[in-house]
Amino acid sequence: QVQLVESGGGLVQAGGSLRLSCAASGGTISRYTMGWFRQEPGKEREFVATHRWSGGRLYYADFADSVKGRFTSSRDNAKNTVYLQMNSLKPEDTAVYYCAADANSGSTWNIASTYDYWGQGTQVTVSS
């Protein structure tokens, strides 16, 4: 059973940056598809980014159009941790951010119900 713990959220001014971390325990996530989602009150959970293993030492990352060019993702397998670097933050990025893990996501890595394991979420607030 994989447990995920996010950290790194907080309050930042528009244009600023934050780096979210998602530390995993209970299993090695080096070959897992990792996803980042966010949710605003009263809204559905929204795909933000994915970082998934493609074989060997290769990983692919994909991003929602709303964050493309501003957010990047990476992982440190030695630390069993994935990261979401968020730059040029906008007020509309304000949400609770969740990381998620799945062993076999196939092509549905942008769909929340694909993922088996979730963190508790971390609040990101961007002031204008």
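Values in this document were obtained by computation on a predicted structure and should not be read as measured data.
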Do the side chain of [X] and the main chain of [Y] share a donor and acceptor less than 3.5 angstrom apart?
| X | Y | answer |
| --- | --- | --- |
| Gln3 | Gln1 | yes |
| Ser73 | Ala61 | no |
| Glu6 | Gln120 | yes |

**Q.** Pairs meeting criterion ring-ring contact (aromatic ring centres under 6.0 Å, His included) with involvement of residues 29-49, two or more places apart
**A.** Phe37-Phe47, Phe37-Tyr115, Phe37-Trp118, Phe47-Trp109
Q: Could you tell me the separation between the CD atom of Glu46 and the OH atom of Tyr97, rounded to the nearest 0.5 Å?
A: 8.0 Å
Q.
For the CG atom of Asp102 and the CD1 atom of Ile111, what is their distance to the nearest 0.5 Å?
A. 11.5 Å
Mind listing the closest non-hydrogen atom pair of [X] and [Y] along with its distance?
| X | Y | answer |
| --- | --- | --- |
| Gln39 | Ala95 | O-CB, 3.5 Å |
| Val96 | Gly121 | CG1-CA, 3.8 Å |
| Ser128 | Pro91 | CB-CG, 3.8 Å |

Determine, using the 4.5 Å side-chain heavy-atom cutoff (strictly less than), whether [X] and [Y] are members of one ILVMFWY cluster.
| X | Y | answer |
| --- | --- | --- |
| Trp53 | Phe63 | no |
| Phe71 | Leu18 | yes |
| Leu84 | Ile29 | yes |
| Val2 | Val82 | yes |
| Leu20 | Tyr98 | no |

(Q) Show me the pairs that pass side-chain hydrogen bond (donor to acceptor under 3.5 Å, both in side chains) and involve residues 56-65, at least two apart or across chains. (A) Arg52-Asp62, Tyr59-Asn77, Asp65-Lys68
Q: Check salt bridge (Lys or Arg N to Asp or Glu O under 4.0 Å) between Arg31 and all other residues, then give those that pass, not counting sequence neighbours.
A: none
Q: Walk me through it: do Met86 and Val12 pass the test side-chain contact (heavy atoms from CB on, under 4.5 Å)?
A: CA-CA 11 Å; Met86 307 186 295; Val12 64; over 6 Å; no
Q | Stepwise side-chain contact (heavy atoms from CB on, under 4.5 Å) check, Arg70 with Asp93 | A | CA-CA 11 Å; Arg70 300 188 295 121; Asp93 294 319; 2.7 Å; yes
Q: Report yes if some heavy atom in the side chain of His51 is under 4.5 Å from a heavy atom in the side chain of Cys22; otherwise report no.
A: no
(Q) The criterion is side-chain hydrogen bond (donor to acceptor under 3.5 Å, both in side chains); which residues satisfy it with Thr125, sequence neighbours excluded? (A) Gln123
**Q.** Under the side-chain hydrogen bond (donor to acceptor under 3.5 Å, both in side chains) test, residues paired with Arg19 that sit two or more places apart
**A.** none
Q. Members other than Leu11 in its cluster, when Ile, Leu, Val, Met, Phe, Trp, Tyr link by side-chain heavy atoms under 4.5 Å?
A. none
